[in-house]
Amino acid sequence: MRLFYPWQRREVHPVRTGGAVIVTLFLGLETSCDETAAAVFDDTPAVRSSVIASQTDLHARFGGVVPEVAARAHLQRLLPVVDEALRRAGVRLADIGCVAVHHKPGLIGALLVGVSAAKMLALALGVPLIGVNHVVGHVYACRLAAGRDIFPCVGLVVSGGHTSLFHCRDPLHLDLLGATLDDAAGEAFDKVAALLGLGFPGGPAVEREAAVGDDHAVKLPRSFLHDERLDFSFSGLKTAVLYALGGQDNARPSPPPPGKRRADLAASFQRAVVDVLVAKCRQALRRTGLTRLAVGGGVAANQTFRRALEEMTRAEGAELFIPPLSLCTDNAAMAALAVEKWRRKEWAPLDLDAEATFAG
Ligand code: KG4
Ligand code: ZN
């Protein structure tokens, strides 16, 4: 059966804003994990509005994201979030000239909500649909925040699902330099937070606890630190925290009480993660000869990590691009990567699929 693509008949859908300036407005959707988000941006690209409805409250009592709960919450919240994004941007749905959606990677049921809504909106409005890889979007968040070209650059995406280093030739062409062989950095933060009884989400909780601890107090491993490879491994670090808590024979030690020991463990763990991430970025800069580093994803919100990156890039004579906190964790503004595809007319068919993995 031949699918009907209404935008094949209509080339552009510009709106006039502020007198003579004609721009195309985009609506971006994000539902890859536990944030329901929508954003309005233009083809500059400049962000007009970005609305994020976090589901933290729904998942906290389970100690982690429950995929079914996430998908159902996206279903309830997505359209109100879209309405709010349009309202804050001061535009109507009819002004939207392109719909962009993060269609991979992520939780499949969660992604499907955004993908289905995006298809429906594109079809109803008769405008192009564009599929965006949200991990590549995490690097593009740095471009958005910078307000200028940042490519070519080394890109590091550190989130709950990914820890990957790229040679980013341009916004859409990324060569993988290395990735985690087991847990992602954010996942390690979440698991160690659970071990320490700090709750969910783990990253910010560990960061708060670490602020009052001594980061040299507990000796913890740093995998591949002196290795040529640009890969990562964090599961040994997590196990080392477990052993530090209860010894090797205690499979499920109870979380430590609030106090110096707990804070020292949090600080030492955070320092170990930061040391490895920063060292691999330095290695990637030296190996590629690139002088720009872009860092995105939820873990890039960590202040100790940001400071260490600033120090390292200064010493290396490299430029650091790291977005403000609201553009580090999942959001729909980074779907502005769609502008790059739109310029190349890389539009998605109406049978665009949600995909759980990065590749494909
Ligand atoms: O990019 P993101 O919002 O979602 C994914 O695509 O996974 O990243 C979420 C991850 C979680 O594992 C969370 O614990 C971590 O980012 N995170 C942090 C901080 N804020 C969020 N990790 C360390 N320090 C933080 N301040
Ligand atoms: Zn993400």
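Both counts, for ligands and for their atoms, begin at 1 and track the order of listing.
Defined by atom type and a distance below 3.5 Å, a donor-acceptor pair is missing between the side-chain atoms of Asp183 and Ser235. Judged purely by distance below 3.5 Å, without hydrogens or angles, the side chains of Glu30 and Ser32 pair a donor atom with an acceptor atom.
For the Zn ion (ligand 2), the tally of protein N/O/S atoms lying closer than 2.8 Å stands at 3.
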Compile the donor-acceptor pairs under 3.5 Å between side chains in residues 211-218 and protein atoms, sequence neighbours left out, one pair per line.
from	atom 1	to	atom 2	distance (Å)
Asp214	OD1	His216	N	2.8
Asp215	OD2	Arg271	NE	3.0

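For Gln303, the closest heavy-atom approach to ligand 1 does not fall below 4.0 Å. For His134, the closest heavy-atom approach to ligand 1 falls below 4.0 Å. The closest approach between Gly161 and ligand 1 falls below 4.0 Å for a heavy atom of the residue. At least one heavy atom of Pro204 sits closer than 4.0 Å to an atom of ligand 1.
With hydrogens left out, the protein atom closest to atom 4 (O) of ligand 1 is Asp330 OD2, 2.9 Å, a heavy atom. For atom 11 (C) of ligand 1, the nearest protein heavy atom (residue, atom name, distance) is Asp190 OD2, 3.6 Å. Among protein heavy atoms, the minimum distance from atom 26 (N) of ligand 1 is reached at Glu207 OE1, 2.7 Å. Taking atom 10 (C) of ligand 1 as the reference point, the nearest protein heavy-atom neighbour is Gly160 N, 3.4 Å. Closest to atom 19 (C) of ligand 1 among all protein heavy atoms lies Gly298 O, 3.6 Å. Scanning all protein heavy atoms for the shortest distance to atom 24 (N) of ligand 1 gives Asn302 ND2, 3.1 Å.
Residues Leu195 and Phe269 have side chains not in contact (no heavy-atom distance under 4.5 Å, counting atoms from C-beta outward). In this structure the side chain of Pro105 reaches within 4.5 angstrom of the side chain of Asn133, judged on heavy atoms.
Close contacts of ligand 1 with Gly186, meaning ligand atoms under 4.0 Å from a residue heavy atom, involve 12 (O), 14 (O). With ligand atoms numbered from 1 in the order given, ligand 1 contributes 1 (O), 6 (O) to contacts under 4.0 Å with heavy atoms of His138.
Around atom 25 (C) of ligand 1, the closest heavy atom drawn from Gly297, Ala193, Gly203 belongs to Gly203.
By the criterion of a heavy-atom distance under 4.0 Å, neither the backbone nor the side chain of His162 is placed next to ligand 1. If you look at Thr329 next to ligand 1, the close heavy atoms, those under 4.0 Å, come from the backbone and the side chain alike.
Annotation: the span from Leu181 atom CG to Arg229 atom CZ amounts to 6.5 Å, rounded to 0.5 Å. Distance check, rounded to the nearest 0.5 Å: NE2 of His162 to NE2 of His138 gives 9.0 Å. Rounding to the nearest 0.5 angstrom, the gap separating the CG atom in Leu237 from the CG atom in Leu242 is 11.5 Å.
Annotation for Arg61: atom CZ does not count as buried by contact number, only 12 or fewer foreign heavy atoms lying within 6.0 Å. Counted within 6.0 Å of CZ on Arg344, heavy atoms from surrounding residues, nucleotides or ligands total more than 12; the atom is thus considered enclosed.
Just one residue in the list Glu35, Arg72, His74, Arg77 forms a side chain to side chain donor-acceptor pair (under 3.5 Å) with Gln55, and that residue is His74.
A salt bridge links Glu316 with Arg286: the closest approach of a Lys/Arg side-chain nitrogen to an acidic carboxylate oxygen falls below 4.0 angstrom. A salt bridge links Glu187 with Lys191; the closest basic N to acidic carboxylate O contact falls under 4.0 Å.
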